[in-house]
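Here the structure is a predicted model, which means the values were calculated and not measured. Order of the sequence lines fixes the chain letters, A, B, ..., with proteins taken first and strands second; residue numbering starts at 1 for each chain.
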Amino acid sequence: MKLVTSIIRPDKLETVVDALDKQHIVGMTVTDVRGFGRQKGQVEHYRGGEYTIRFIPKVRLDIVVQDEDAEKVVSTIGKVARTGNIGDGKVFVVNVENAMRIRTGERGTSAL
Amino acid sequence: MSDVLIDDSSLILDTAEAAGDSASMKWVSCIIRPESLDAVKDALSQLHVVGGMMITDVRGFGRQKGSTEHYRGESYVVRFLPKVRIDIAVQAEDVEAVLSAVRSAAQSGQVGDGKAFITGIQGALRIRTGDRGASAL
């Protein structure tokens, strides 16, 4: 099992969820987060003043899938969350050792 | 700046491995119903193996893809349901106790009770003291 954690633009969330749904990837956790990358945030202009926004609002998407589906999730997100502009986000893949469905107590991949 | 960060994380790794701790810490991430948070928190506190926990308000859905809500005669599909994520770092031998405590406190038997995921932790640092590995938990 793999945990695919992606940091994406908030306005891309619905598109990403729709695309994953088409790939039969169902089940995910969404968190509102703030972050910055190489550009260290962005400079905004408002009423003639210049403001540096250090942390930009992003959405974090956590999806746990079977090993063989991890690549599908990563490539789908990579395709539909991309605008080509700085700030599209990143995707990380982490190994998950076990899982439990709380309702039934099932373990392993059948808990997904 | 980033070089310093990389050096630091490799230090955590080395120390944990030297102490034989690298395989002995686990990260348990539980997605539960918001209303069962208090019960789960109490059940985990009684275990005495959990040094602390992190609570995050999250949204999510599973196999049922959310739920259909009715309001003033109209039905709405709620895609993301509010959930709470509890993250706990424990020693490997305590994972089963944590899972059964979470299960007994968070289980309603209805769809939407949530899931728990276990991943390995390669290093830990208590910021106040600089403790590494399992003693940082």
What's the spacing between B/Ile118 CD1 and A/Asn95 CG if we round to 0.5 Å?
-> 12.0 Å
Pick one of side chain, backbone, both or neither for A/Leu61, based on which atoms fall under 4.5 Å of a heavy atom in chain B.
-> neither
First locate atom CH2 of B/Trp27, then atom CD of A/Glu97, and finally report the distance between them rounded to the nearest 0.5 Å.
-> 13.5 Å
Pick from A/Thr29, A/Val30, A/Val64, A/Asp32: which one has the most heavy-atom pairs with chain B under 4.5 Å?
-> A/Val30
Taken to the nearest 0.5 Å, the spacing of B/Leu99 CG from A/Ile102 CD1 works out to 9.0 Å
Tell me, yes or no, whether the heavy-atom count around B/Asp57 atom CG, taken from other residues, nucleotides or ligands under 6.0 Å, exceeds 12.
-> no
How far apart are the C-alpha atoms of A/Arg101 and B/Asp113, what are their side-chain angles, what is the distance that settles it, and do they pass the salt bridge (charged side-chain N to carboxylate O under 4.0 Å, His left out) test?
-> CA-CA 8 Å; A/Arg101 171 174 285 126; B/Asp113 277 352; over 6 Å; no
Crowded around B/Lys41 NZ? As in, over 12 foreign heavy atoms under 6.0 Å?
-> no
A/Asp62: which of B/Lys83, B/Arg59, B/Arg85 passes salt bridge (charged side-chain N to carboxylate O under 4.0 Å, His left out) = B/Arg85
Proximity breakdown for A/Ile25 and chain B, heavy-atom pairs closer than 4.5 Å = neither
Determine whether B/Leu37 and B/Val58 fall in the same hydrophobic cluster, where Ile, Leu, Val, Met, Phe, Trp and Tyr are linked whenever their side-chain heavy atoms lie under 4.5 Å apart.
-> no
Examine A/Val73 and A/Val59 and state if one hydrophobic cluster contains both, with Ile, Leu, Val, Met, Phe, Trp and Tyr joined whenever side-chain heavy atoms are less than 4.5 Å apart.
-> yes
Is A/Val4 reachable from A/Met28 through a run of hydrophobic residues whose side-chain heavy atoms are each under 4.5 Å from the next?
-> yes
Structural part of B/Val111 lying under 4.5 Å from a heavy atom of chain A | both
Of the backbone (N, CA, C, O) and the side chain (C-beta and beyond), which part of A/Glu106 lies under 4.5 Å from a heavy atom of chain B, both, or neither?
-> neither
Is the number of heavy atoms from other residues, nucleotides or ligands within 6.0 Å of CZ (A/Arg107) greater than 12?
-> yes
Whether B/Gln107 side chain and A/Arg103 backbone form a donor-acceptor pair below 3.5 Å | yes
Between B/Arg103 (side chain) and A/Thr104 (backbone), is there a donor-acceptor pair under 3.5 Å?
-> yes
Grab the two heavy atoms, one from A/Asp18 and one from B/Arg79, that are nearest each other, plus how far apart they are.
-> OD1-NH2, 2.7 Å
Sort out for me which of A/Leu3, A/Asp21, A/Val17 touches chain B most, counting heavy-atom pairs under 4.5 Å.
-> A/Val17
B/Leu81, B/Ile31: one ILVMFWY side-chain cluster at the under-4.5 Å cut-off?
-> no
What part of A/Asn98 is in contact with chain B, defined as an atom under 4.5 angstrom from a non-hydrogen atom: side chain, backbone, both or neither?
-> both
Do you reckon B/Leu137 sits in the same ILVMFWY cluster as B/Leu47, going by side-chain contacts under 4.5 Å, direct or chained?
-> no
